[in-house]
Peer 1: 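Sharing a structure with you now.
Remember, it's 1-based here, ligands and their atoms both numbered in the order they're listed. Along the sequence shown, residues are numbered consecutively beginning with 1.
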Amino acid sequence: MKRSSFLIPAVSILILLTVLFPNVSSASKKEFKDYEILKENSGINAMHICLTAPDKMLIIDKVQNNSIHLPDGRPVSTLEYDLNTGKKRFLSLQSNTFCSSGGFIADGTLVSTGGAEQIPDKHFKAGFSALRFFKPCQNDKCKWREDLNGMMTHRWYSTSTTLSDGRLFILGGSKVSIAVNNKTMNNPTFEFYPRTDPTPIDFPFLIETLPYNLYPIVHLMPGPKDQTLLFVFANKDSILFDWDSKKTVHKFPRLEGASRSYPLTGTSVMLPLRPEDNYIPQILVCGGNEKNDTKHEAANSCGRIKIDLSNLDKAKWEIDDFGGIPRVMPDGVILADGQILFLNGAKTGIAGYSSKLGKVKNKLLKADNPDLTPVLYDGQKPKGKRFTKLNHSTIPRLYHSVASLLPNGQVFISGSSPQSDVTLSGVKFPTEFRIEMFSPPYLSSNTARATIKSVNGSKKLNQGPIKVKYNKHIKVDVELSDKKANFTAAIVHYGFITHSVHMSERYVFCDIKNIKRKGNGYTMDVVMPPNGNIMPPVPVYLYINNNGVPGETAVHLHLSK
Ligand SMILES: *[C@@H]1O[C@H](CO)[C@@H](O)[C@H](O)[C@H]1NC(C)=O
Ligand SMILES: *[C@@H]1O[C@H](CO)[C@@H](O)[C@H](O)[C@H]1NC(C)=O
Ligand SMILES: *[C@@H]1O[C@H](CO)[C@@H](O)[C@H](O)[C@H]1NC(C)=O
Ligand SMILES: *[C@@H]1O[C@H](CO)[C@@H](O)[C@H](O)[C@H]1NC(C)=O
Ligand SMILES: *[C@@H]1O[C@H](CO)[C@@H](O)[C@H](O)[C@H]1NC(C)=O
Ligand SMILES: *[C@@H]1O[C@H](CO)[C@@H](O)[C@H](O)[C@H]1NC(C)=O
Ligand SMILES: [Cu+2]
């Protein structure tokens with residue numbers, strides 16, 4: 001019980017009481033506060049995060065003047081945070097991870113890609129072409145392994161995306177750390193990990209989209225097994241790219257209005273994929289700014305495009321507002337029920353520091369008027385009815401802040417570091433180490449939450465991912481008192497999260513067959529998606545929802561051929 005709950009002990013006891021005495025549930029449910037600030041903070045800035053186990057958040061900062069140190073005296077730049085206990089396990093790296101990217105590969109290893117310049121006085125090497133490998137483990141012993149020249153070129157602010165074959169596609173970036181990309185420093189190429197080509201491969205789209213094209217948005221296109229297509233968006237433009245033939249196969253119309261890429265940073269999510277819609281994708285791009293201007297109001301707009309590959313000429317952007325709130329540097333988190341939570345960021349300005357890295361404190365703010373109010377987006381509703389404003393937070397989350405869904409349906413929120421180095425006081429927006437657990441509205445619903453008891457015959461849940469295969473039916477047993485249960489099932493990959501880009505984030509609904517009442521619950525067959533283009537062969541979490549309310553905890557699975 002304790003393992004699957006990320007709450008402070010007092011709340012855990014209430015949850016336990018709920019399980020033992022379901023009738024007191026309405027009393028305990030009120031304990032899901034909208035924002036709970038955890039007792040233990042992150043210790044370093046959560047510039048990049050990635051859930052590597054159901055209760056382990058891997059946090060990656062840049063190399064900066066953190067007050068916690070490794071045994072060798074260097075500042076900690078990465079650690080594993082235990083969501084149950086708040087314990088931090090410090091990890092060591094030799095290279096600078098400043099503004100890097102990452103993603104999982106088929107064997108379940110997280111690969112961190114790129115970074116920035118060396119920091120000689122802190123004994124960190126350049127991370128521009130580094131690859132770093134983290135293979136999650138059950139014994140708290142796993143460490144980073146590094147290959148300082150694992151990539152063929154320098155990549156700062158590049159994007160990594162897991163492909164259907166379980167490789168990583170690493171795109172773009174600049175050759176140095178830079179306030180706005182330019183022709184000289186641009187790296188308009190891509191490469192794969194594991195490497196298959198002798199040189200980086202040209203990607204002219206990243207020349208056409210200068211200067212606002214860093215951290216390009218990439219979504220793996222769902223489709224048949226041997227399809228090899230990516231949707232790539234930068235600035236205001238987007239294409240379909242075939243990574244096998246290495247050719248652009250379609251150019252979409254321009255998304256008019258704001259620029260959406262760094263430093264005029266917006267965000268993007270692919271809406272949940274549904275078997276009943278033949279997995280036809282719809283992509284949402286929201287926020288950003290029209291002008292490279294620290295005082296200019298951010299964009300209150302979103303574009304949404306449906307991409308039916310059999311009728312590409314019909315793919316047009318539909319413009320919506322952004323829930324009535326202008327927002328630059330938003331995070332887009334697909335929640336357990338498939339709705340999208342947009343949060344973090346600011347109402348005015350752009351991303352970045354105002355001064356050169358490591359020199360002066362940021363007196364001149366690049367962004368201001370923090371967006372404390374998240375908006376919820378229901379993609380199934382008609383335009384004009386999709387957004388709802390939620391309760392506001394009290395903590396500004398500006399440049400270098402993050403958010404991720406968790407297996408228990410809550411959202412992990414951390415970071416904010418708009419200064420060039422750790423600055424805890426004397427500035428309007430200090431470096432922020434506090435972690436918030438946000439409870440979406442479904443956690444205050446009165447609907448009973450299912451508890452998954454076994455998956456494909458295994459009762460050993462969330463102690464390492466359970467291997468499952470594409471296209472197969474897996475038997476899932478749940479405990480649930482509700483006699484009129486209304487189930488949906490989904491598998492979710494949270495991805496690698498940094499700078500408003502949720503790399504490889506993906507939500508796929510699964511068909512359910514043969515639902516039967518069994519004991520004090522149900523048994524059912526959940527159908528895994530057909531192939532790696534629907535969900536790549538990576539670690540995912542299985543959610544069983546009742547009337548859209550997620551179960552007590554999702555279960556860690558690993559899809560493979
Ligand atoms: C949202 O805020 C209102 C007013 O402060 C409060 O009554 C309500 O409980 C909050 N919702 C949640 C889920 O905490
Ligand atoms: C780093 O922090 C130490 C104290 O923790 C302080 O003395 C030093 O000035 C800081 N360095 C920079 C570059 O901010
Ligand atoms: C590109 O940026 C670099 C680094 O900031 C700068 O030195 C260079 O002059 C810029 N080049 C152009 C063509 O703007
Ligand atoms: C963006 O604005 C900054 C000042 O904030 C300026 O130094 C820079 O040249 C501008 N870049 C472009 C491409 O307009
Ligand atoms: C269920 O587990 C068995 C081994 O116990 C395995 O052979 C089978 O492929 C698994 N089913 C799925 C859907 O992965
Ligand atoms: C079942 O739950 C879904 C939400 O997940 C809802 O849209 C649907 O209306 C519900 N069906 C019934 C019969 O209540
Ligand atoms: Cu950055």
Peer 1: Under a 4.0 Å heavy-atom cut-off, what residues line ligand 1?
Peer 2: Asp34, Asn391, Ser444
Peer 1: Looking at Cys286 and Phe342, what are the two nearest heavy atoms and their distance?
Peer 2: SG-CZ, 4.0 Å
Peer 1: Using a strict 4.0 Å threshold on nitrogen-to-oxygen distance, state whether Lys383 and Asp320 make a salt bridge.
Peer 2: no
Peer 1: Looking at ligand 6, does any of its N/O atoms fall within less than 3.5 Å of an N/O of Asn486?
Peer 2: yes
Peer 1: Below 4.0 Å from any atom of ligand 3, is there a heavy atom belonging to Ile178?
Peer 2: yes
Peer 1: Could you tell me if Arg517 sits above the aromatic ring of Tyr522, with its cationic atom closer than 6.0 Å to the ring centre and no more than 45 degrees from the axis?
Peer 2: yes
Peer 1: Which atoms of ligand 6 are found less than 4.0 Å from any heavy atom of Gly548?
Peer 2: 4 (C), 5 (O)
Peer 1: With heavy atoms of Thr184 as the reference, note each atom of ligand 3 found under 4.0 Å away.
Peer 2: 11 (N), 12 (C), 13 (C)
Peer 1: Going by ring pair (Phe, Tyr, Trp, His ring centres under 6.0 Å), name the residues that satisfy it together with Phe233, two or more places apart in sequence or in a different chain.
Peer 2: Trp317
Peer 1: Going by heavy atoms, is Asn545 under 4.0 Å from ligand 6?
Peer 2: no
Peer 1: Which residues pass the side-chain contact (heavy atoms from CB on, under 4.5 Å) test with Ile207, not counting sequence neighbours?
Peer 2: Asn186, Pro188
Peer 1: May I ask you to decide whether Arg254 forms a salt bridge with Asp237, counting only side-chain N to carboxylate O separations under 4.0 Å?
Peer 2: yes
Peer 1: In chain order, what residues pass the side-chain contact (heavy atoms from CB on, under 4.5 Å) check against Asn546, with sequence neighbours excluded?
Peer 2: Thr447, Leu480, Asp482, Ala485, Asn486
Peer 1: Could you pull out the closest heavy-atom pair between Val501 and Tyr215, with the gap in Å?
Peer 2: CG2-CB, 3.8 Å
